[in-house]
Amino acid sequence: MSTALVDLLREGLPAEAVLTDPDVTAAYSRDMAGFCEAGVPAAVVLPRTVEQVQHVMRTATALRVPVVPQGARTGLSGAANAVDGCVVLSLVRMDRVLEIDPVDRIAVVEPGVVNAALARAVAPHGLVYPPDPSSWETCTIGGNIGTASGGLCCVKYGVTAEYVLGLDVVLADGRLLRTGRRTAKGVAGYDLTRLFVGSEGSLGIVVRAVLALRPKPSARLVLAAEFPSAVAACDAVCRIMRDGHVPSLLELMDRTTVRAVNALARMGLPEETEALLLVAFDTPDPAADLAAVGALCEAAGATEVVPADDEAESELLLQARRLALNALEAVKGTTMIDDVCVPRSRLGEMIEGVERIAERHALTIGVCAHAGDGNTHPTVCFDAADPDESRRARESFDEIMALGLSLGGTITGEHGVGMLKKEWLARELGPVAMEMSHAVKRAFDPLGILNPGKVL
């Protein structure tokens with residue numbers, strides 16, 4: 001089978017686009033998620049054109065071979081992990097920005113375009129593509145679409161799904177499906193575009209995307225507020241949102257995360273604080289907005305409120321937040337990064353609950369959060385070489401997800417389900433929703449060859 005598969009793939013792909021050396025293909029076997037098995041691919045293909053992707057899918061359908069689509073493999077759910085005998089379909093070489101239209105405020109891109117590269121491409125037109133995952137310098141638009149990723153600015157600008165207007169998708173049998181529109185409005189038929197966003201490559205292969213752009217906002221200023229407890233910081237978040245403020249960023253770092261960032265980068269963050277809240281505005285008068293929010297933070301119990309003087313100082317504070325996950329990984333060498341989203345009003349209960357879980361399992365668990373939309377990232381730090389510590393890490397991860405559901409939340413706000421959270425999806429959705437989800441999967445992928453074992 002493997003020889004026949006490779007021969008057929010090479011009939012429609014350049015020789016250098018089909019990789020079979022096990023030492024090379026092993027590098028494509030997994031994303032960044034822990035506790036997720038990865039199989040051994042039969043081949044890795046790196047197409048450059050839509051026609052080449054269609055050839056791969058026709059070949060896979062003819063031979064009943066599973067296909068696992070991949071981007072930059074920065075995902076945190078195992079959604080890009082290979083299964084034994086599969087074709088790994090890496091889309092990183094389809095990396096062209098095909099069109100930028102400043103009148104209609106859209107960009108047309110291939111899936112391998114890196115998020116930051118798109119930001120740089122549209123900037124000369126006075127435009128921005130707002131979704132900015134923490135891995136924005138390396139993650140691809142196709143991967144962002146597959147996992148419905150978020151980012152630091154979601155509180156004001158929303159997530160990836162809100163910017164995907166239309167898609168070109170290669171289906172399991174190689175047919176090309178076009179969904180959505182280029183227009184500002186459009187409600188013709190079922191919203192198939194949204195169906196593919198967040199489907200983790202289990203329904204089709206995105207080969208082109210029409211994305212909405214926004215005018216570049218004013219320069220952003222950031223405020224840092226220290227709190228004696230995470231609960232007090234969450235109270236400040238509620239006050240800010242209740243008073244109608246619209247920050248462009250509202251992020252929280254707990255004590256464990258702050259200390260980890262200092263240990264990694266010597267940034268001089270206040271280690272005595274129990275929680276650090278970062279608030280940003282990109283309004284015409286951000287200093288006035290920061291002053292108003294600073295007063296709300298003080299009313300919630302902040303021990304110190306420090307607004308940045310300029311954009312450079314603001315960027316330094318944001319860099320500390322972007323380093324959080326790397327810093328926590330350095331604590332023990334391995335992390336499990338959760339992605340539980342709860343209503344803003346329950347954010348304090350979520351963080352307190354995580355603290356109790358950490359104490360119960362004798363583990364270090366740092367929490368950073370997109371506090372403005374309730375999306376927490378409890379990060380379990382552990383030694384993967386210690387079987388007992390690894391067991392406790394997995395148990396604590398599951399308890400965190402259970403806690404999130406009990407607070408009216410969801411098991412994932414932006415990282416996706418993948419392999420890591422499959423067993424939890426049914427608990428959240430319920431039997432009727434799961435039945436309908438399986439029916440959708442069968443309609444698009446009757447042979448079950450598209451990213452098997454993920455999501456459902």
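Side chains are part of it too, since the values below use all heavy atoms of this structure and drop only hydrogens, waters and symmetry mates. Since the structure is predicted, the reported quantities are computational estimates derived from the model, not experimental observations.
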- Query: Which residue pairs pass the salt bridge (Lys or Arg N to Asp or Glu O under 4.0 Å) test with at least one member in residues 147-161, sequence neighbours excluded?
  - Reply: Lys156-Asp282

- Message: Checking side-chain polar atoms at under 3.5 Å, does Thr160 have a donor or acceptor matched by the opposite partner on Ser149?
- Response: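 Side chains of Thr160 and Ser149: pair found under 3.5 Å.
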
- Item | Between His377 and Glu414: side-chain donor-acceptor atoms closer than 3.5 Å | yes

Under a 4.0 Å threshold between the charged nitrogen and the carboxylate oxygen, would [Y] count as salt-bridged to [X]?
| X | Y | result |
| --- | --- | --- |
| Glu349 | Arg346 | yes |
| Arg322 | Glu315 | yes |
| Arg242 | Asp235 | no |
| Arg255 | Glu272 | no |

- Query: Got Ile141 and Asn144 here, is their nearest side-chain heavy-atom distance under 4.5 Å?
  - Reply: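 Yes, close enough: below the 4.5 Å cut-off.
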
Looking only at atom types and distance, does a side-chain atom of [X] sit under 3.5 Å from a main-chain N or O of [Y], one as donor and one as acceptor?
| X | Y | value |
| --- | --- | --- |
| Asn115 | Pro131 | yes |
| Lys454 | Asn81 | yes |
| Glu200 | Gly146 | no |

- Message: Going by salt bridge (Lys or Arg N to Asp or Glu O under 4.0 Å), Arg360 matches just one of Glu395, Glu355, Glu399. Which one?
- Response: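 Exactly one pass, corresponding to Glu399.
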
Decide if atom [atom1] of [X] counts as having more than 12 heavy atoms of other residues, nucleotides or ligands within a radius under 6.0 Å.
| X | atom1 | value |
| --- | --- | --- |
| Glu37 | CD | no |
| Glu435 | CD | no |
| Met267 | CE | yes |

- Who pairs with Asp445 by salt bridge (charged side-chain N to carboxylate O under 4.0 Å, His left out), at least two apart in sequence or on another chain?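 Residues passing salt bridge (charged side-chain N to carboxylate O under 4.0 Å, His left out) with Asp445: Lys441.
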
- Message: Could you check whether Phe444 and Phe196 have their ring centres less than 6.0 Å apart?
- Response: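 Distance test on ring centres: under 6.0 Å, yes.
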
- Assert yes or no for the condition that the ring centre distance of Tyr129 to Tyr157 is strictly below 6.0 Å. no

